[in-house]
There are 2 protein chains.
Amino acid sequence: MTQDGNTDIYTAALITIGDEILSGRTKDANTPYIAEKLNDSGVRLMEVRVIPDDGQTIIDTVNEMRNAHDYVFTTGGIGPTHDDITAENVAKAFGVELELNQEAYNELLAYYKDESEITESRKKMAMIPKGATLIDNPVSGAAGINIGNVYVMAGVPRIMQAMFDSILPTLQGGDPVISRSVTVALAESVVADGLTIIQNKYPMLSLGSYPKYQDGKFGTNLVLRGTDETVLATVTQEVADFVISLGDVNPIIE
Amino acid sequence: MTQDGNTDIYTAALITIGDEILSGRTKDANTPYIAEKLNDSGVRLMEVRVIPDDGQTIIDTVNEMRNAHDYVFTTGGIGPTHDDITAENVAKAFGVELELNQEAYNELLAYYKDESEITESRKKMAMIPKGATLIDNPVSGAAGINIGNVYVMAGVPRIMQAMFDSILPTLQGGDPVISRSVTVALAESVVADGLTIIQNKYPMLSLGSYPKYQDGKFGTNLVLRGTDETVLATVTQEVADFVISLGDVNPIIE
């Protein structure tokens with residue numbers, strides 16, 4: 001956590017665990033959901049890492065990220081199969097044992113109804129790092145895990161979203177970063193010089209320029225970000241006036 | 001590069017540079033494209049990092065990744081605006097100067113037709129790390145950059161794809177990892193015990209289990225990956241026979 005004037009800045013990292021993303025087989029759908037909701041809560045997502053289902057990589061990445069950020073979220077690898085190795089390696093990252101968690105076991109029992117249904121594989125879902133608390137899974141039997149500043153969630157988007165929504169109100173955030181955009185029908189090289197001047201004039205804002213290419217034409221999304229709504233409104237108007245002066249009579253302000 | 005029996009394994013990392021992904025504003029569309037094509041070329045994507053538009057973070061990440069992997073790809077931040085800082089920081093990572101690259105300048109000139117159109121901002125796109133070669137950009141004026149084992153590409157998907165497609169034939173890869181999948185209408189906890197047995201029997205394959213949840217029902221994609229087509233076919237049939245024995249009469253084999 002760093003200090004930015006009087007405002008605490010809270011940061012987060014997301015670790016996506018899964019060979020299926022790295023092979024290109026599965027498209028990650030979780031990052032935008034987490035990124036947007038964290039942003040609205042005043043927590044800045046500073047880094048996303050997609051890593052393979054490899055124990056040592058999980059341990060090293062969790063330890064690096066939990067020391068660097070206020071919050072760390074992981075997705076993937078908490079189910080009953082042999083390739084679900086997140087819980088055991090998060091335990092190793094914290095130097096604690098995995099233990100049968102009675103609450104998680106009771107949830108499994110409630111889900112599968114009968115003790116004879118709790119196979120060894122299913123029992124694995126109740127093996128939780130010592131000292132961790134559970135994150136409710138309203139959809140299936142595998143609970144999420146919170147230990148220290150690390151939140152271990154499912155990879156299936158619907159389950160991840162339910163878990164993340166239940167975590168979100170418990171996080172402490174700073175002032176949310178708000179953004180406005182000015183979409184212009186000009187290539188970014190046309191607006192570049194003027195933008196630099198505006199960015200230098202308002203260092204408290206971040207002014208991003210994102211080229212786009214559609215139907216054979218270049219355009220640019222200019223995105224202004226900051227925590228002060230009044231300043232943001234003023235500078236957005238200044239950017240709009242600037243692009244109008246360059247001949248784009250109809251910039252889209254959002 | 002590590003040795004796996006007689007087969008060289010080539011690995012890669014992808015660095016996605018952009019505040020717009022981390023804020024949730026833009027969905028990353030580049031990872032699946034790169035991941036799938038690398039995989040088909042026998043290069044294993046081992047890590048993806050999404051990092052902010054921050055100079056020191058770019059330098060540190062490029063240096064860490066280029067030492068760890070055979071190939072490093074970056075996307076984003078090569079345009080003419082003040083927030084396009086990839087080239088200068090990749091130069092710093094390699095400890096070389098940025099210099100006006102005559103070939104890149106000529107491309108700009110061909111693109112903008114007249115020298116008077118090469119503003120300071122546009123000229124920035126011809127500032128290339130000393131010793132680097134260019135990656136052709138068939139769409140806009142900003143060339144990509146290859147220096148050492150690092151390939152610096154645009155963030156706009158259409159441009160990135162054209163650049164990546166031109167790089168791909170120049171990469172050396174090992175045996176491609178091929179995959180088969182068996183999609184079953186059973187929850188993964190039902191198949192877990194048997195899968196572990198099959199995985200242990202065939203350590204030369206990786207057997208992944210990916211739960212899905214659709215229309216209120218659980219299913220599982222079982223994905224087999226390996227480099228030997230014959231072994232893969234045999235084990236895929238064994239997995240199919242196994243899930244049929246559990247009562248899923250109609251697994252989808254792909």
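In the text below, chain A, chain B and the rest are named by the order of the sequence lines, each starting its count at 1.
- For B:Arg49, the parts lying near chain A are the backbone and the side chain together; criterion is any non-hydrogen pair under 4.5 Å.
- Expressed to the nearest 0.5 Å, how far OG of B:Ser206 lies from CG of A:Asp53 amounts to 8.0 Å.
- Taking OG from A:Ser189 and NZ from B:Lys123, the interatomic distance works out to 15.0 Å, rounded to the nearest 0.5 Å.
- Interface remark: A:Asn39 contributes side-chain atoms only to the contact with chain B (heavy atom separation under 4.5 Å).
- Here OG1 of B:Thr11 is found 11.5 Å from CG of A:Leu22. Values are rounded to the nearest 0.5 Å.
- When side chains are defined from C-beta on, B:Thr81 does not count as touching A:Tyr210, because their heavy atoms never get closer than 4.5 Å.
- No other option in A:Val50, A:Asp40, A:Thr57 has as many heavy-atom pairs under 4.5 Å with chain B as A:Val50.
- The most heavy-atom pairs under 4.5 Å with chain A, out of B:Glu36, B:Arg25, B:Glu120, come from B:Arg25.
- Heavy-atom distances place both the backbone and the side chain of A:Glu188 under 4.5 Å from chain B.
- Note on B:Lys124, B:Met46, B:Lys37, B:Met125: by heavy-atom pairs under 4.5 Å with chain A, the leading option is B:Met46.
- For chain A, no part of B:Val177 is nearby; none of its heavy atoms comes within less than 4.5 Å.
- The greatest number of non-hydrogen atom pairs below 4.5 Å with chain B, out of A:Gly79, A:Gly24, A:Gly208, A:Ala35, is found for A:Ala35.
- Here the CG atom belonging to A:Asp19 is positioned 11.5 Å from the OG atom belonging to B:Ser179, to the nearest 0.5 angstrom.
- For B:Glu47, the parts lying near chain A are the backbone and the side chain together; criterion is any non-hydrogen pair under 4.5 Å.
- Here the CG-CG distance, from B:Asp28 to A:Asp28, works out to 8.0 Å after rounding to the nearest 0.5 Å.
- If you measure heavy-atom distances from B:Leu14 to chain A, you find no contacts under 4.5 Å at all.
- Proximity to chain A is limited to the side chain of B:Tyr112, based on heavy atoms less than 4.5 angstrom apart.
- Proximity to chain B is limited to the side chain of A:Asp84, based on heavy atoms less than 4.5 angstrom apart.
- A:Lys212 NZ to B:Ile159 CD1: the interatomic distance, rounded to the nearest 0.5 Å, is 13.5 Å.
- No donor-acceptor pair under 3.5 Å is formed between the side chain of B:His82 and the backbone N or O of A:Asn200.
- The heavy-atom pair separating B:Asp193 from A:Thr119 by the smallest distance is OD2-CB, 3.8 Å.
- Heavy-atom pairs under 4.5 Å with chain B peak, among A:Leu195, A:Leu207, A:Thr220, at A:Leu207.
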